[in-house]
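Notes to accompany the following structure.
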Amino acid sequence: MQTPAHEPERGRTPFGEVYEAHFDAILGFVTRRTADVHVAADLTADVFLAALETFEGYDSRRGTHVMWLHGIARNTLASYARDAAREQKAVAALSGRRLLDEQDVQRFEERIDAARAARELFARHAVLSEPLRAVIDLVAVDGLTTKEAAKVLRISQATARVRLHRARAALRAGRPTPSDAFSNPLVEASR
């Protein structure tokens, strides 16, 4: 199977290149889903640690690196949500974790502030069912194609298209959107 030019074969792609190419996309995915600088940094690091640990098992026939990383990120965030209370206690007990310097904190705060409008919109679309939210998030917010989102979610492409259509219809039928939020990709996707 031939891979796209931007996605070389696994054997020819060191993990560092994958990290450099997709760090911003994964950081954006995480910062749109959390408001805490340190949590965003930790979860992004966890995604890439999990990716590094499983990189040898990556199969380019199952999808691109960015799809694979989004799948890992979804699993990492889901695990975080399930274990939030336990993790909060564990983080408080950790004394050896690397503290973020002022420049790191400023960079993450800028990313979180930039994603604030998206988080507000996510709150408005919280009434959608999880399957609908998952598809519209991956397609409209994270920029995956419907086919890629279907692979990440392990559903058929037809099911992903139906869920995306239903999510957009539900967002259109919802409350009016403030005029200053129309630059948000999720709002644009709901039109």
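Rounding to the nearest 0.5 angstrom, the gap separating the NE2 atom in His70 from the NZ atom in Lys151 is 15.5 Å. Atom CG of Leu49 and atom CG of Leu43 lie 12.0 Å apart (nearest 0.5 Å). Atom CG of Asp46 sits about 13.0 Å away from atom CD1 of Ile26, to the nearest 0.5 Å. For the atom pair OH of Tyr80 and CG of Asp42, the computed distance is 8.5 Å after rounding to the nearest 0.5 Å. Going from atom OG1 of Thr34 over to atom CD1 of Ile112 covers 6.5 Å, rounded to the nearest 0.5 Å. From Arg168, atom CZ reaches atom CG of Leu132 across 12.0 Å, with rounding to the nearest 0.5 Å.
Ring planes of Tyr19 and Phe48: perpendicular class, angle over 60° (limits at 30 and 60°).
Considering every non-hydrogen atom in both Met67 and Val152, the closest pair reads O-CG2, 3.4 Å.
Between the side chain of Ser79 and the backbone N or O of Asn75 there is no donor-acceptor pair closer than 3.5 Å. Side chain of Thr31 to backbone of Gly28: a donor-acceptor contact under 3.5 angstrom is found. Judged by distance alone, with hydrogens and angles left aside, the side-chain atoms of Asp142 form no donor-acceptor pair with the main-chain N or O of Leu144 at under 3.5 Å.
Within the 4.5 Å cutoff, the side chain of Phe29 has heavy atoms near those of the Leu77 side chain. Side-chain contact between Arg33 and Asp137: present, with at least one pair of heavy atoms (C-beta onward) separated by less than 4.5 Å. Counting only heavy atoms from C-beta outward, the side chains of Leu69 and Val18 approach each other to under 4.5 Å. Phe108 places none of its side-chain heavy atoms less than 4.5 Å from the side chain of His38. Two residues are said to be in side-chain contact when any heavy atoms from C-beta on lie closer than 4.5 Å; Thr64 and Glu148 meet this criterion.
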Pair Arg166-Val135, side-chain contact (heavy atoms from CB on, under 4.5 Å): steps then yes or no:
CA-CA 10 Å; Arg166 288 179 180 166; Val135 171; over 6 Å; no

Please evaluate residues Trp68 and Asp59 with respect to the criterion side-chain contact (heavy atoms from CB on, under 4.5 Å), reporting the C-alpha separation (whole Å), side-chain torsions for both, the decisive distance (0.1 Å), and the verdict.
CA-CA 9 Å; Trp68 173 64; Asp59 182 0; over 6 Å; no

For a salt bridge (Lys or Arg N to Asp or Glu O under 4.0 Å) check, start with the C-alpha distance between Arg133 and Glu130, then their side-chain angles and the critical distance, and finish with the verdict.
CA-CA 5 Å; Arg133 277 196 315 268; Glu130 168 54 28; 3.4 Å; yes

Side-chain donor-acceptor pairs under 3.5 Å in residues 154-164, sequence neighbours left out?
residue : atom : partner : partner atom : Å
Ser156  : OG   : Thr159  : N            : 3.0
Ser156  : OG   : Thr159  : OG1          : 2.8

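Using a cutoff of 4.0 Å between basic side-chain nitrogens and carboxylate oxygens, Glu110 and Arg107 are not scored as salt-bridged.
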